[in-house]
Protein chains: 2
Amino acid sequence: MTYALDETTRQQRLETFRRLCRERGLRCTVQRRVVLEVVLDLDTHPTADEVFEVVSRRLEGVSRTTVYRSLEGLARVGVITKACHPGATTRYDRRIEIHHHLICLRCDSITDISEAGFDDLAIPDTSAVGFEVKDYRVQLRGICHDCRDQEKKEELG
Amino acid sequence: MTYALDETTRQQRLETFRRLCRERGLRCTVQRRVVLEVVLDLDTHPTADEVFEVVSRRLEGVSRTTVYRSLEGLARVGVITKACHPGATTRYDRRIEIHHHLICLRCDSITDISEAGFDDLAIPDTSAVGFEVKDYRVQLRGICHDCRDQEKKEELG
DNA sequence: TTAAGTGCAAAAGCTTTGCGGGTAG
DNA sequence: CTACCCGCAAAGCTTTTGCACTTAA
């Protein structure tokens, strides 16, 4: 199931993207815009390839390379983020505001959770090691519903 | 710099591994034991290939495949964990107790931090979605020292 | 003895790079 | 105009798989 971002937030994010392009001398190409739109339309923490699939449907002939490059660039300027995950495939996240994740250590799936208790943690001072904190996430790690079912079947088998 | 795990902890972990093997009918092979020892000796959140390099030096002729399979298995039984990261390469972590990470969104580096304030968060009930929480991590995300230097140079260039 | 594990080779999957042609600003 | 960006093809990494041989228990 994919939930739409509310239209205002979506428009604001696209506007932010245009502004950042202007400020940094980047070009607001159709490809980049559609890649951003697609990420905003997915709440699944998609891989680059999953984004490519959807972008292809909306933009005939777009290349996989461009999607990879666009995602990297969009994350770099901060209109989307990379999600932290335990696996071997980069995943992107349309949410840039604070929120948290359920992380399955078996299938690497990521599910958003809201938990007010996690939203106002005091960030320690990391200037001593020269690290500049941009945001944070609490990640609850474990086994998701589907993988638990799987494990039960294997035990019986 | 690599810091040694204190010897007692190291021995306990190896013993746990032997016990888990017995309990689950797995075999305690030299390869698996050395892979575990190597991860315990590294505090760098290594990739499978980094582990392979070190294992190779200690165990002539070991195959990359076996290292990959061993790491997966060790993580499955819980004597090591997978680290959550923003990149495209699985990383392993010798620490299984609660601790937290500085995550660089540019180079994917992971640095351990201890922060007492993060250690006793109240875990929300996720049984409604069938998710079984095993542990959690707070991840402070941003830009590490080296990458900030890099960015400064690029701006000047 | 024998099921589980290993090594090898090959395939599969994900991501980056170099380059010539295209285009937003 | 022209610096930036795109698509293509190819290379480069990382990880998985199938199979025959080996070995821990």
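Just so it is clear, the values below take in all heavy atoms, side chains as well, and ignore hydrogens, waters and symmetry mates. A note on names: the letters A, B, ... follow the listed sequences, proteins ahead of strands, and every chain is numbered from 1.
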So, OP1 or OP2 of [N]: does either fall under 4.0 Å of a side-chain N or O from [X]?
| X | N | answer |
| --- | --- | --- |
| B:Q31 | C:dG7 | yes |
| A:T90 | C:dT15 | yes |
| B:T29 | C:dT6 | yes |

Send over the distance from [X] [atom1] to [N] [atom2], rounded to a whole Å.
| X | N | atom1 | atom2 | result |
| --- | --- | --- | --- | --- |
| B:R76 | D:dT16 | CZ | C1' | 14 Å |
| A:L26 | D:dC6 | CG | C1' | 15 Å |
| B:F52 | D:dT15 | CZ | P | 13 Å |
| B:H85 | C:dT15 | NE2 | P | 11 Å |
| A:R18 | C:dG25 | CZ | P | 11 Å |
| B:D108 | C:dC14 | CG | P | 17 Å |
| A:R33 | C:dA24 | CZ | P | 11 Å |
| B:R91 | D:dC13 | CZ | C1' | 14 Å |

Original post:
Going by number, which of residues 64-74 of chain B have a non-hydrogen atom under 4.0 Å from DNA chain C?
Top reply: B:T65, B:T66, B:R69
Original post:
B:T47 near the nucleic acid: base, sugar-phosphate alone, or nothing, with a heavy-atom cut-off under 4.0 Å?
Top reply: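 The residue B:T47 makes no contact with any strand.
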**OP:** Indicate, with yes or no, if the rings of B:H45 and B:H85 have centres closer together than 6.0 Å.
**Re:** no
Original post:
Among A:Q11, A:Q12, A:R18, which residue meets the side chain to side chain donor-acceptor pair (under 3.5 Å) test with A:E15?
Top reply: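 Passing option: A:R18.
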**OP:** Map B:R27 and B:L59 onto DNA chain C by nearest heavy atom, then report which one ends up closer to the 5' terminus.
**Re:**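 Nearer the 5' end of the strand: B:R27.
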Between atom [atom1] of [X] and atom [atom2] of [Y], what is the distance when rounded to the nearest 0.5 Å?
| X | Y | atom1 | atom2 | value |
| --- | --- | --- | --- | --- |
| B:C21 | B:R32 | SG | CZ | 6.0 Å |
| B:L26 | B:L20 | CG | CG | 8.5 Å |
| B:T81 | B:D135 | OG1 | CG | 7.0 Å |

Original post:
What nucleotide, of D:dT14, D:dC6, C:dT6, holds the atom closest to the side chain of B:R32?
Top reply: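 Among D:dT14, D:dC6, C:dT6, the one nearest the side chain of B:R32 is C:dT6.
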**OP:** Sorted by first residue and then second, give each side-chain hydrogen bond (donor to acceptor under 3.5 Å, both in side chains) pair with at least one member in residues 121-130 of chain A; sequence neighbours left out.
**Re:**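 Passing the test, one end in residues 121-130 of chain A: A:D125-A:S127.
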Subject >> Polar side chain donor-acceptor pair, A:H100 to A:D112, under 3.5 angstrom >> reply: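 Checked: A:H100/A:D112 side chains show no N/O donor-acceptor pair below 3.5 Å.
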Original post:
Of A:A88 and B:C21, whose closest DNA chain D nucleotide lies nearer the 5' terminus?
Top reply: A:A88
